[in-house]
Amino acid sequence: MAKHKDLSIEFCGVKCENPFFLSSSPVGSNYDMCAKALEAGWGGIVYKTIGVFIADECSPRFDNTRKENTPFLGFKNMEQISDKPLEKNLEMMAKLKKDYPNKVIIASIMGENEEEWKKLSKLVTEAGADIIECNFSCPQMTSHAMGSDVGQNPELVKKYSKAVSSVTHLPVIAKMTPNIGNMEIPAIAAIEGGATSISAINTIKAITRVNFDHLTAMPVVNGKSSISGYSGKAVKPIALRFIAQMAQHPKLSNVPLSGMGGIENWEDAAEFIMLGARNLQVTTAIMQYGYRIVEDMISGLSHFMEEKGFNSLDEMVGIALGNIIPAEELDRDFKIIPNIDYNKCVGCGRCYISCYDGAHQAIDWNNDDRRPEINDNCVGCHLCMNICPIDGCITPGEIQFKEGREVHDVIVG
């Protein structure tokens with residue numbers, strides 16, 4: 001049964017009815033699309049990035065990675081910023097704010113130089129936007145003066161953040177590129193330049209696969225292709241890592257974060273929130289399932305909060321960060337030996353093969369009973385648990401402390 005709990009939350013000083021927003025992308029590129037999304041229950045939209053530059057797009061421009069007859073795991077796009085005139089986009093944003101005054105309209109902008117960033121900032125402020133997002137991260141722009149090439153340069157990020165914030169009273173979000181080793185560096189530069197918030201991640205530069213007939217990557221555009229942005233469920237672990245690292249950094253710990261990258265359901269949403277995000281942006285899941293997925297995310301998150309005793313989203317934000325620690329601080333005094341439930345074991349042998357060929361030769365194969373048996377070589381890596389195709393067949397078992405280590409309580413996940 002659908003459940004609707006109070007999911008309101010403040011983001012950048014703006015009250016949002018819920019944290020679910022369209023991210024800047026094809027899913028929010030005109031009035032009708034955004035209006036339909038807002039009617040469906042989204043708390044707000046980040047309108048597709050606008051600029052003085054009008055994109056000249058290629059065809060086709062999408063590809064995906066997936067198993068046969070399943071939803072795609074990852075999605076590649078070669079889409080740039082808006083292909084509509086600036087005046088038309090400003091008109092549609094103004095109409096959205098007029099028609100949906102209680103929803104949050106974020107204007108995503110991208111310039112090629114300081115003057116363009118200032119111009120766009122002024123124009124979207126006049127159009128009635130609630131917040132401005134600076135796109136420093138699109139990986140497939142045809143100009144190296146725009147997109148992720150800018151986002152990898154902290155000096156430019158700081159310069160353009162300062163330019164935008166200097167001509168508007170609105171909160172400013174800096175959208176980060178994941179095509180970098182340390183996101184905290186440009187994120188700090190953005191805040192020093194006057195940005196209010198950070199959003200992450202934009203898409204990851206990728207090649208999804210190679211077309212053997214045309215000897216190029218996918219999608220094939222007249223026999224050629226290009227490296228471009230990868231999104232979807234496949235990138236969620238990377239997105240969560242960047243969100244957590246920024247939320248834990250002392251210079252960013254009080255900066256509101258907008259998280260995106262693989263959010264498809266309420267569980268994904270809860271994970272981002274628990275690692276520090278106050279706002280959530282979605283694109284790829286909408287492309288597969290439509291705007292109505294927000295109903296499931298609202299209901300699922302509401303049930304979860306009820307079950308866990310959370311009265312507000314504020315209580316959830318960053319609650320897991322304290323348990324994400326440096327590798328050198330992990331407790332290494334023990335090992336947890338897996339336990340095999342032979343009532344569930346089907347004797348497939350996958351754990352035996354994987355352990356022998358990929359781990360520590362800690363599983364013997366009993367030919368008489370056709371079953372795996374864990375031996376004394378086990379180090380508790382739990383590869384077997386990850387390989388086993390039967391849910392609940394291999395589970396954490398005995399806790400063994402290493403020689404000379406003090407016995408203490410251990411939490412088993």
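Given the structure is predicted, the values throughout are model-derived calculations rather than measurements. Quick note: numbers below take in every heavy atom, side chains included, and nothing from hydrogens, waters or symmetry partners. For this chain, numbers begin at 1 and follow the sequence in order.
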Would T203 and S231 count as having a side-chain donor-acceptor pair, cut-off 3.5 Å? no
Tell me yes or no: between the side chains of S225 and T216, is some donor less than 3.5 Å from an acceptor? no
Would you call K48 and E79 a salt bridge, using N to O less than 4.0 angstrom? yes
Main-chain N/O of S302 paired to E306 side chain as donor or acceptor, under 3.5 Å: no
Check this for me: Y342, atom OH, are more than 12 non-hydrogen atoms of other residues, nucleotides or ligands nearer than 6.0 Å? yes
Kindly give the heavy-atom pair with the smallest separation between Y31 and M92, and that separation in Å. N-SD, 3.2 Å
Tell me the closest heavy-atom pair linking N202 and K175, and the distance in Å. ND2-CE, 3.6 Å
Side-chain donor-acceptor contact under 3.5 Å, E133 with Q281: yes
When you measure from the side chain of S23 to the backbone of V282, do you find a donor-acceptor pair of N or O atoms at a distance under 3.5 Å? yes
As an exercise, state the distance from OG of S354 to CG of L383, rounded to the nearest 0.5 Å. 5.5 Å
Sole residue of I50, I45, I106, L123 in side-chain contact (heavy atoms from CB on, under 4.5 Å) with M93: I50
Would you call K103-D99 a salt bridge at under 4.0 Å N-O? no
Less than 4.5 Å apart, any side-chain heavy atom of K84 and any of S29? yes
With a 4.0 Å cut-off on N to O distance, would you call E192 and K158 a salt bridge? yes
Is the closest side-chain donor-acceptor distance between Y352 and E373 under 3.5 Å? no
If only side-chain N and O atoms count, and only distance matters, is there a donor-acceptor pair under 3.5 Å linking Q361 with N377? no
With a 6.0 Å cut-off on ring centres, are F304 and W266 close enough? yes
V221 to S59 - nearest heavy-atom pair and separation: CG1-O, 3.8 Å
Quick check on the 6.0 Å ring-centre criterion: do F62 and F75 meet it? yes
Test item: S228 side-chain N/O and N77 main-chain N/O as donor-acceptor pair under 3.5 Å: yes
Under 4.5 Å between any side-chain heavy atoms of E10 and V14, yes or no? no
Nearest heavy-atom contact between I173 and F11 is CD1-CE2, 3.7 Å
Point-to-point distance, once rounded to the nearest 0.5 Å, from CZ of F334 to CD1 of I337: 11.0 Å
Do T65 and Y230 meet the criterion of a side-chain donor-acceptor pair at a distance under 3.5 Å? yes
Let me confirm one number: the CZ-CD1 distance from R278 to I9, rounded to the nearest 0.5 Å. 4.0 Å
Using a 3.5 Å distance criterion without hydrogens, assess whether the side chain of Y160 forms a donor-acceptor pair with backbone atoms of C134. no
With no hydrogens and no angle check, do the side chains of S199 and S258 hold a donor and an acceptor under 3.5 Å apart? no
Can any side-chain N or O of Q288 pair as donor or acceptor with the backbone N or O of F72 at less than 3.5 Å? yes
Separation of M274 CE from L240 CG (nearest 0.5 Å): 12.0 Å
Does this structure show an ion pair linking K236 with E271, if we count only N-O contacts that are shorter than 4.0 Å? yes
Measure the spacing between CG of D268 and CG of L280 and express it to the nearest 0.5 Å. 10.0 Å
Checking W117 against F136 for the ring-ring contact (aromatic ring centres under 6.0 Å, His included) test, could you report, in this order, the C-alpha distance in whole Å, the side-chain angles of both residues, the deciding distance, and whether it holds? CA-CA 11 Å; W117 283 103; F136 296 138; 5.1 Å; yes
Are any side-chain N or O atoms of R370 and backbone N or O atoms of G347, one a donor and one an acceptor, separated by less than 3.5 Å? yes
Are the side chains of L252 and I191 in contact, using a 4.5 Å heavy-atom criterion? yes
Distance-only donor-acceptor check, side chains S312 and D314, under 3.5 Å: no
Between T49 and S24, is there a side-chain donor-acceptor contact under 3.5 Å, judged purely by atom types and distance? yes
Supply the atom-to-atom distance I336 CD1 to C381 SG, rounded to the nearest 0.5 angstrom. 12.0 Å
